[in-house]
Amino acid sequence: ILNVEQSPQSLHVQEGDSTNFTCSFPSSNFYALHWYRWETAKSPEALFVMTLNGDEKKKGRISATLNTKEGYSYLYIKGSQPEDSATYLCAREGSNYQLIWGAGTKLIIKP
Amino acid sequence: EAGVAQSPRYKIIEKRQSVAFWCNPISGHATLYWYQQILGQGPKLLIQFQNNGVVDDSQLPKDRFSAERLKGVDSTLKIQPAKLEDSAVYLCASSPSGRVTDTQYFGPGTRLTVL
């Protein structure tokens, strides 16, 4: 059974500080990794889809890296703002090519 | 472009009652997903439709859950009868073609509380 683990479970960060968190997954038969942001009372929103080892993607102050050989991805947020408060979810494809989701990292930005 | 619509947003029912959720995906999207997200866990795929056919329903508790996607457009998910452990957020998503690299576009979800 494919397990996707995210750490930490929750994170409090001071406004203006930078932060990062981790998504770990089995490295065998890798095809794609997704990152989503889910703000309270809103729809989950796609951030990145990553497929290649060594891939780096960037969207404004948020970036992500991918290491498929060791089975992890990092999400970085530079200069955190209150609007970054959300749960960040990652997902990897499973044996039947459906997405298997981690439980998320809940990020709270303190003003 | 209109996003994925879901209704209702919230529902509270007693155990053993029935409930239905509705989803209207983004126009033109072939693939529709229903997920169950229990507090503290990641979303779990319940069923995936490609047009009006079922691609995967391996994690759908078929003794109590059913879903349909008539005419390959909108979809309903039903629970009958509900149990306490069905309390969760039910998310609907759609994607253009169902490829694993496709972005999935989510609705706002339905928060179900079973008492």
Side-chain angles (χ1 to χ4, degrees), chain A residues 1-10 21-26 29-53 55 57 59 64 66 68 73 75 86-106, chain B residues 1-10 21 23-26 29-50 53-60 67 88-111:
Chain A
I1 296 176
L2 191 153
N3 261 345
V4 177
E5 304 286 343
Q6 290 189 248
S7 63
Q9 189 173 5
S10 66
F21 28 92
T22 307
C23 174
S24 302
F25 49 85
N29 301 315
F30 177 85
Y31 197 73
L33 185 92
H34 295 243
W35 280 102
Y36 281 77
R37 173 171 62 196
W38 192 1
E39 294 180 65
T40 303
K42 293 188 177 180
S43 308
E45 173 196 2
L47 290 173
F48 306 114
V49 180
M50 308 175 81
T51 58
L52 299 175
N53 185 45
D55 224 359
K57 300 243 177 171
K59 189 175 184 177
L66 179 66
T68 62
S73 176
L75 192 82
T87 296
Y88 291 81
L89 294 162
C90 68
R92 208 212 97 157
E93 91 292 350
S95 57
N96 55 354
Y97 304 105
Q98 316 310 325
L99 290 182
I100 306 296
W101 296 78
T105 292
K106 185 171 183 177
Chain B
E1 178 183 74
V4 176
Q6 285 189 250
S7 67
R9 291 293 307 273
Y10 305 92
F21 313 128
C23 173
N24 191 25
I26 291 173
H29 279 193
T31 312
L32 186 148
Y33 312 80
W34 281 104
Y35 288 96
Q36 179 193 58
Q37 196 254 341
I38 292 172
L39 189 65
Q41 301 179 19
K44 181 180 85 172
L45 180 69
L46 292 176
I47 189 166
Q48 177 179 341
F49 292 96
Q50 186 75 11
V54 175
V55 173
D56 187 340
D57 64 357
S58 57
Q59 298 192 93
L60 187 74
V89 175
Y90 290 84
L91 290 163
C92 178
S94 69
S95 71
S97 63
R99 282 192 295 264
V100 74
T101 52
D102 270 4
T103 291
Q104 295 186 20
Y105 296 85
F106 284 84
T110 297
R111 183 175 295 279

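None of these values were measured; they are calculated from a predicted model. The chains referred to below are lettered A, B, ... by the order of the sequence lines, with proteins before strands, and numbering in each begins at 1.
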Any side-chain to backbone donor/acceptor pair from Ser95(B) onto Gln104(B)? Under 3.5 Å, distance only.
no
Heavy-atom contact with chain A under 4.5 Å, split by part of Gln6(B)
neither
Heavy-atom count check: over 12 atoms from other residues, nucleotides or ligands less than 6.0 Å from Arg9(B) CZ?
yes
Portion of Phe48(A) that has a non-hydrogen atom of chain B nearer than 4.5 angstrom:
neither
Chain A contact via Val4(B) - side chain, backbone, both or neither, heavy atoms under 4.5 Å
neither
Backbone of Val100(B) reached by a side-chain donor or acceptor of Glu93(A) within 3.5 Å
no
Main chain of Leu66(A), side chain of Asp55(A): is a donor-acceptor contact present, judged purely on distance under 3.5 Å?
no
Let's test your reading of the structure: which of Ala103(A), Cys90(A), Gly104(A), Ala91(A) forms the most heavy-atom pairs below 4.5 Å with chain B?
Ala103(A)
Tell me if the aromatic rings of Trp38(A) and Phe106(B) count as close, with their centers under 6.0 Å from one another.
no
If you count heavy-atom pairs under 4.5 Å with chain A, which of Thr103(B), Thr101(B), Asp102(B) comes out on top?
Thr101(B)
Contact part of Gln41(B) toward chain A, heavy-atom cut-off under 4.5 Å: side chain, backbone, both or neither?
backbone
Side chain, backbone, both or neither: which part of Ile38(B) has a heavy atom under 4.5 Å from chain A?
neither
Sub-3.5 Å donor-acceptor pair from the side chain of Gln6(A) to the main-chain atoms of Tyr88(A), do we have one?
yes
Using non-hydrogen atoms only, which part of Ala32(A) is less than 4.5 Å away from chain B: side chain, backbone, both, or neither?
side chain
